[in-house]
Protein chains: 2
Amino acid sequence: MPQVQPRRNTTQKRVILQSVAELGCHPTAVQIYSAVRQVLPRTSLSTVYRNLGILVDQGKIKAVKGAGSEIHYDHNTCEHNHIECTVCGRVCDVHVNPLNIDTLDPETVSNFIVLEVHMNILGICPECAEQLEKEKLQ
Amino acid sequence: MPQVQPRRNTTQKRVILQSVAELGCHPTAVQIYSAVRQVLPRTSLSTVYRNLGILVDQGKIKAVKGAGSEIHYDHNTCEHNHIECTVCGRVCDVHVNPLNIDTLDPETVSNFIVLEVHMNILGICPECAEQLEKEKLQ
DNA sequence: ATTCGTAATAAGAACTATTCCTATTATAGA
DNA sequence: TCTATAATAGGAATAGTTCTTATTACGAAT
């Protein structure tokens, strides 16, 4: 059976968790790394990645995969979905009624046991839409 | 304005498209590469990636991003969603009523212009579920 | 408070999936 | 058939993430 590892409460781990919460808008590992280094300048990127993994395992944050290749981290662990700007890559929250897992007909899900439903919406954020409008007029 | 490049109809491109269709269940670039090399043994992986990109641009296939880090390719370009096995990584089709983009309240989508809605379901496929059952009994 | 075992760290190497580069090949139009 | 150049094979480069290892520092037990 899987051992529960002891977990030390290090400064790095605390600052990393705090940075994810304070940055708010779904930062990437590198953005979190930059924020953490303003407080603890000797922090390494691998420490950031390792602790993000631990925090995800502990359910304290969530990892969000979008259209891009980077993983974003979310301090809001309540069930919700995301919308991503195809221009600037920004990720925002969306609260649409989730599909009720239990009402899914087994045949429509190829007889899979359904665990999680993720909805990812692609779009253009208001700022980028405005910018595109300006460029069109010139 | 964007130039339309001339496109040559090469053997590699034809075999790559055919492989995506014949492999059926959402192959990755490496799986397509293996299949193509059974017909054209000197094909390079970069040729596979380049042509997959062209075929996606031309709307002949679709790229599907799941929970894993590899991109899967889908010969079915009709709108549908996917379910992915968290054990073996297999991707299958799912036909659930899509969210109607036009009925979304602007405020719930942070005033984004909505372009596409992707639903990705995570679960356990029947084969892996059976395997896990067996292991549990031992 | 001090000691000590070991979890966590910093630094950078390694890895994986994908994209880019360049000399060579082969397609399609003349 | 000839020719211009798009596409190819092969491999280097890149980006994001994970792994390795010597060193540091947390916290339990003295």
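Quick note on labels: first sequence line is chain A, next is B, and so on, each numbered from 1.
Looking at the side chain of B/Ser69, the nearest of the listed nucleotides C/dA17, D/dT17, C/dT18 is C/dA17. If you check C/dA17, D/dT17, D/dG10 against the side chain of A/Tyr49, the one that comes closest is D/dT17. When the nucleotides C/dA8, C/dA11, D/dG10 are ranked by their closest atom to the side chain of A/Ser44, C/dA11 comes out on top.
In this structure, A/Ala129 and B/Ile113 approach most closely via the heavy-atom pair CB-CD1, 3.8 Å. The minimum heavy-atom distance between A/Arg90 and A/Cys125, with the atom names listed, is NH2-SG, 3.5 Å. Counting all heavy atoms, side chain and backbone alike, A/Val117 lies closest to A/Val114 at CG2-CG1, 4.3 Å.
Put simply, CG on A/Asn51 is 15 Å from C1' on D/dC19, counting in whole angstrom units. Whole-Å rounding puts the A/Leu17 CG to C/dA8 P distance at 15 Å. Protein atom CD1 of A/Ile54 is 15 Å distant from nucleotide atom C1' of D/dT17, rounded to whole Å. If you take CG of B/Leu52 and P of C/dA17, they are 15 Å apart, rounded to a whole angstrom. The separation between B/Tyr33 atom OH and C/dT18 atom P is 14 Å, rounded to whole Å. Between the CG atom of B/Leu45 and the P atom of C/dT19 there is a distance of 10 Å, given to the nearest Å. Rounded to an integer number of Å, the gap from A/Lys65 NZ to C/dA17 C1' is 11 Å.
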Next item on the list: Treat primed atoms plus P, OP1 and OP2 as sugar-phosphate and everything else as base, then score nucleotides 25-30 of chain D 5' to 3': B for base contact with protein heavy atoms under 4.0 Å, S for sugar-phosphate contact only, - for none.
Entry: BBS---
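Listed pair A/Arg42 / D/dT24 fails the phosphate criterion, with no side-chain N or O lying under 4.0 Å from OP1 or OP2.
The main-chain N or O of A/Asp93 is never found under 3.5 Å from a side-chain atom of A/His95 such that the two would form a donor-acceptor pair. In this structure, A/His26 contributes its side chain and A/Val91 its backbone to a donor-acceptor pair below 3.5 Å.
Map B/Pro41 and A/Thr28 each onto its nearest nucleotide of DNA chain D; the residue landing nearer the 5' end is B/Pro41. Nearest-nucleotide mapping onto DNA chain C: of A/Lys13 and B/Glu70, the residue sitting toward the 5' end is A/Lys13.
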Show which side-chain atoms of residues 54-71 of chain A pair as donor or acceptor with protein atoms under 3.5 Å away, not counting sequence neighbours.
residue, atom, partner, partner atom, Å
A/Gln58, OE1, A/Lys60, NZ, 3.4
A/Lys65, NZ, B/Ala67, O, 2.7

Quick one: side chains of residues 27-36 of chain A, donor-acceptor pairs under 3.5 Å with protein atoms, not counting sequence neighbours, listed by atom name and distance.
residue, atom, partner, partner atom, Å
A/Thr28, OG1, A/Gln31, N, 3.3
A/Gln31, OE1, A/Thr28, N, 2.8
A/Tyr33, OH, A/Arg37, NH1, 3.1
A/Ser34, OG, A/Val30, O, 3.1

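Contacts of A/Ser46 with the nucleic acid, taken as non-hydrogen atoms under 4.0 Å apart, include base atoms.
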